[in-house]
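Note that ligands are numbered from 1 as they come in the structure, with each ligand's atoms numbered from 1 the same way. These numbers come from a predicted model, not from an experiment.
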Amino acid sequence: MKISIGSDHRGYEAKERIKALLQQLGGDVTDHGTSSRQACDYPDVALAVGRDVASGEAERGILFCGTGLGMSITANKVSGVRAALCHDELTAQLSRRHNNANILCLPADLVGDALMQSMVRTWLETEFEGGRHARRVGKITEYERTHTAPCCPEAERT
Ligand code: RB5
């Protein structure tokens, strides 16, 4: 699976740990930084990962910041992104089953390494349930199609 990842300075260490896990699981990982603990601005990274996912360049994205809030708020501005801020395994699982989330946002200051690893595994393995949830997600996509600009020419809004 092609996975695009990124963090700000607060999420840097968690990103590095999860990158190692993704590579161990055979993921094809694109890392949009940051590459140190030096302070940076989360929107730059969230938009880069969001564009990868919305354009189809990556199947999924994972973003890390202190709370996960800045990353989720920003990534959801990119048409086609369904970014879910999750704090435990259940929300990670439901964000896939019910919302077909294509970006997972993780709060590096609030979730420990062991839990984060199991959240990521669960999120990657869990399929979208479709059915009534497809109708609901379809309404989000329809709104994007009629009210927002595509993120880039190659974006297929599904
Ligand atoms: C950075 O200080 C912090 O604001 C950021 O990591 C994140 O928590 C924002 O939502």
Before signing off on this row, confirm whether [X] and ligand 1 have an N or O atom pair separated by under 3.5 Å.
X	result
Gly66	yes
Gly70	yes
Thr67	yes

Self-check item: Test applied, side chain to side chain donor-acceptor pair (under 3.5 Å); reference residue, Gln93; option that passes from Glu89, Arg97, Arg96
Solution: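 So, applying the side chain to side chain donor-acceptor pair (under 3.5 Å) to Gln93 and each of Glu89, Arg97, Arg96, only Arg97 qualifies.
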Quiz item: Would you find a donor on one side and an acceptor on the other, under 3.5 Å apart, between the side chain of Asn100 and the backbone of Arg82?
Solution: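 Side chain of Asn100 to backbone of Arg82, a donor-acceptor pair under 3.5 Å: no, none is there.
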Quiz item: Has Arg37 got more than 12 heavy atoms of other residues, nucleotides or ligands less than 6.0 Å from its CZ?
Solution: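 Count not over threshold, so no.
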Self-check item: For Tyr42, atoms of ligand 1 separated by under 4.0 Å from a heavy atom
Solution: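 In order of number, 9 (C).
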Exercise. May I ask you to test the Glu129-His98 pair for a side-chain heavy-atom distance under 4.5 Å?
Key: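 Glu129 reaches His98 side chain to side chain.
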Quiz item: Can you find a pair of side-chain heavy atoms, one from Asn99 and one from Ile140, that are under 4.5 Å apart?
Solution: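 No, side chains not in contact.
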Identify the closest protein heavy atom to [atom]: which residue and atom is it, and at what distance?
atom	result
atom 6 (O) of ligand 1	Asp8 OD2, 2.6 Å
atom 2 (O) of ligand 1	Arg10 NH1, 3.2 Å
atom 7 (C) of ligand 1	Cys65 SG, 3.4 Å

Self-check item: Flag: protein heavy atom within less than 4.0 Å of atom 4 (O) of ligand 1
Solution: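 No, there is no protein heavy atom closer to it than 4.0 Å.
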Quiz item: Considering all heavy atoms of both residues, which atom of Cys151 and which atom of Arg51 are nearest to each other, and what is their separation?
Solution: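 Closest approach of Cys151 to Arg51: SG-O, 4.3 Å.
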